[in-house]
Amino acid sequence: MQQITLRTPDDWHLHFRDGDILSETVAATARCFKRAIVMPNLVPPVTNAAMAMAYKSRIVEAIPDGNNFEPLMVLYLTNDTSVQDIQDAKAAGVIAAKLYPAGATTNSDAAVDGIEALYPIFEEMAKQGMLLLIHGEVTEAEIDIFDREKAFIDRFLRKIVAEFVDLKIVFEHITTSDAVDFVVESPENVAATITPQHLLLNRNDLLVGGVKPHNYCLPVLKRNTHQQALREVVASGSSKFFLGTDSAPHEKERKENACGCAGCYSAWSALELYTHVFDELGALDKLEGFASIHGANFYGLAVNEGTVTLKKETWTVPEEIILPNGKPIVPFYAGQQVSWKLAE
């Protein structure tokens with residue numbers, strides 16, 4: 001196959017950040033995605049309806065002229081989140097709320113400490129039809145970083161799913177065969193997103209031959225058997241799994257230092273990279289469901305009307321992109337070849 005046309009896809013998990021960088025990050029996503037779930041872990045985090053709508057306005061201002069991209073806003077849960085916060089956010093059009101265990105990832109220091117304390121909030125979210133998005137890792141220092149996703153499933157997620165049968169839950173950026181099995185075996189109110197980096201790479205790509213900071217993300221890359229489980233489940237076409245890039249920009253200097261930031265900036269190549277993977281798997285017929293249909297159906301939104309076309313054409317991801325502040329950022333898969341390209 002030399003060309004593939006898909007219904008216009010959506011990105012069900014990404015980070016735009018804020019300020020001047022929005023002119024870069026929003027354009028990169030809007031070039032091929034119609035909608036995106038926008039993560040709320042800013043500084044300060046987006047914890048109420050007013051903050052969510054103000055952030056949405058800043059994103060909308062950065063959308064390129066003539067583009068009809070739509071940001072979908074998310075509330076950041078803390079131990080101070082109230083039932084009224086959920087009601088107000090839903091009324092304002094916020095579509096979901098995000099659970100970060102405290103310290104799990106970038107800008108998560110204000111997040112939840114003691115998940116059971118949020119059960120009344122989860123109950124209200126179920127009543128309001130607001131989705132719960134979960135960064136599923138424990139954060140205790142004594143738990144091996146490669147085991148933190150499984151530990152979260154066993155300690156918390158099984159209980160949440162059992163307790164809240166009417167609450168739609170997205171287990172975000174899953175990385176392990178344990179997570180695949182959990183989602184497959186869970187009721188229909190549980191789904192998951194999968195990133196391009198976790199389909200393309202494993203922990204050898206982070207650690208062998210020296211640490212590669214631009215492949216460092218959280219949850220961290222796992223062993224190749226877990227990578228294979230992710231690849232197999234997307235190739236199966238299961239409607240429980242859909243596209244979420246977790247595109248997360250950081251300036252080059254913030255990645256390449258003694259305490260490099262976690263995150264891969266994949267927006268400028270993500271759809272092409274997913275197509276590359278599905279082609280490798282002989283599963284291009286499953287790509288449209290993963291990219292354009294399963295997520296919309298799970299969120300209860302209409303599937304997009306338009307289309308995008310990709311052509312079988314080899315190109316090289318740029319080594320660097322210059323941000324509006326003049327500083328470089330290294331995109332995910334920088335300097336490497338991709339076998340599919342978005343048609344003009």
Side-chain angles (χ1 to χ4, degrees), residues 6-17 25-26 28-30 32-41 69-74 76 95-100 104-106 131-137 149 157 168-176 179-180 182-183 190-201 217-222 226-227 229-231 233-234 237-249 262-278 286-301 303-304 332-333:
L6 313 170
R7 286 179 180 266
T8 306
D10 302 300
D11 187 344
W12 298 101
H13 179 119
L14 62 66
H15 302 262
F16 280 142
R17 310 302 186 203
T25 56
V26 175
T29 291
C32 60
F33 294 107
K34 173 63 172 66
R35 298 172 290 207
I37 289 286
V38 181
M39 290 297 102
N41 57 329
F69 173 77
E70 180 184 5
L72 303 174
M73 306 312 293
V74 177
Y76 183 112
I95 197 168
K98 179 66 180 278
L99 172 62
Y100 290 104
T105 190
T106 303
L131 282 76
L132 174 62
L133 316 182
I134 296 179
H135 182 121
E137 293 186 289
E149 187 169 272
L157 193 51
K168 283 190 173 182
I169 297 169
V170 181
F171 193 179
E172 297 197 306
H173 46 48
I174 63 169
T175 66
T176 61
V180 169
F182 177 79
V183 174
V190 178
T193 56
I194 302 179
T195 75
Q197 62 264 29
H198 291 107
L199 291 170
L200 283 160
L201 308 179
C217 56
L218 289 172
V220 71
L221 297 169
K222 304 301 194 296
H226 293 298
Q227 177 195 10
L230 299 177
R231 289 169 70 93
V233 82
V234 299
S238 169
S239 62
K240 282 176 153 278
F241 301 87
F242 41 86
L243 187 156
T245 64
D246 195 20
S247 182
C264 299
Y265 182 50
S266 61
W268 275 116
S269 58
L271 184 59
E272 293 89 337
L273 288 170
Y274 281 118
T275 308
H276 180 103
V277 169
F278 277 75
K286 304 298 196 302
L287 177 60
E288 185 175 60
F290 179 80
S292 312
I293 298 172
H294 302 333
N297 288 345
F298 190 79
Y299 272 79
L301 300 174
V303 174
N304 295 322
F332 177 63
Y333 232 56

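The residues of the chain are indexed from 1 along the displayed sequence.
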(message) Going by the rule side chain to side chain contact (heavy atoms under 4.5 Å, CB included), which residues pair with Ala191 if we only count those two or more places apart in sequence or in a different chain?
(response) Phe242, Phe298

(request) List for me each residue that meets ring-ring contact (aromatic ring centres under 6.0 Å, His included) alongside Phe182, sequence neighbours excluded, and say none if there are none. (result) none

(message) Under the criterion side chain to side chain contact (heavy atoms under 4.5 Å, CB included), I'd like the reasoning laid out for Tyr299 against Ile37: C-alpha separation, chi angles, the key distance, then a yes or no.
(response) CA-CA 11 Å; Tyr299 272 79; Ile37 289 286; 3.6 Å; yes

(message) Using the salt bridge (charged side-chain N to carboxylate O under 4.0 Å, His left out) criterion, which residues pair with Arg7? Sequence neighbours excluded.
(response) none

(message) Over 60° means perpendicular and under 30° means parallel, so tell me whether Tyr100 and Tyr76 are parallel, tilted or perpendicular.
(response) tilted

(request) Not counting sequence neighbours, which residues clear side chain to side chain contact (heavy atoms under 4.5 Å, CB included) with Ala28? List them please. (result) Glu24, Tyr265, Ala267, Trp268

(request) Using the test side chain to side chain contact (heavy atoms under 4.5 Å, CB included), find all partners of Cys264 that sit at least two apart in sequence or belong to another chain. (result) Gln197, Cys217, Phe332

(message) For Lys222 and Thr175, which I'm curious about, is there any donor-acceptor pair between the side chains at under 3.5 Å?
(response) yes

(request) Only counting residues at least two apart or in another chain, list the ones meeting salt bridge (charged side-chain N to carboxylate O under 4.0 Å, His left out) with Asp10. (result) Arg35

(message) A side-chain contact here means heavy atoms from C-beta on lying under 4.5 Å apart; do Ile194 and Val233 qualify?
(response) yes

(request) Could I get the full list of side chain to side chain donor-acceptor pair (under 3.5 Å) partners for Tyr274, not counting sequence neighbours? (result) none

(request) Could you name each residue pair satisfying salt bridge (Lys or Arg N to Asp or Glu O under 4.0 Å) that touches residues 289-298, not counting sequence neighbours? (result) none

(message) For a side chain to side chain contact (heavy atoms under 4.5 Å, CB included) check, start with the C-alpha distance between Glu172 and Met39, then their side-chain angles and the critical distance, and finish with the verdict.
(response) CA-CA 11 Å; Glu172 297 197 306; Met39 290 297 102; 3.9 Å; yes

(request) List in chain and number order the residues that pass side chain to side chain donor-acceptor pair (under 3.5 Å) with His198, two or more places apart in sequence or in another chain; answer none if no residue qualifies. (result) Thr195

(request) Check side chain to side chain donor-acceptor pair (under 3.5 Å) between Gln227 and all other residues, then give those that pass, not counting sequence neighbours. (result) Asn202

(message) Between Ser269 and Glu272 (side chain of the first, backbone of the second, donor and acceptor by atom type, cut-off under 3.5 Å), is there such a pair?
(response) no

(message) Tell me whether the rings of His276 and Tyr333 are parallel (<30°), tilted (30 to 60°) or perpendicular (>60°).
(response) perpendicular

(message) Strictly by salt bridge (Lys or Arg N to Asp or Glu O under 4.0 Å), give each pair with a member in residues 289-299 just once, sequence neighbours left out.
(response) none

(message) Among residues at least two apart in sequence or on other chains, which ones pass salt bridge (charged side-chain N to carboxylate O under 4.0 Å, His left out) with Glu149?
(response) none

(request) Decide yes or no on side chain to side chain contact (heavy atoms under 4.5 Å, CB included) for Asn41 and His15, but give the supporting numbers first. (result) CA-CA 8 Å; Asn41 57 329; His15 302 262; 3.0 Å; yes

(message) Can you confirm whether Lys34 sits close enough to Glu70 that some side-chain heavy atom of one is under 4.5 Å from a side-chain heavy atom of the other?
(response) yes

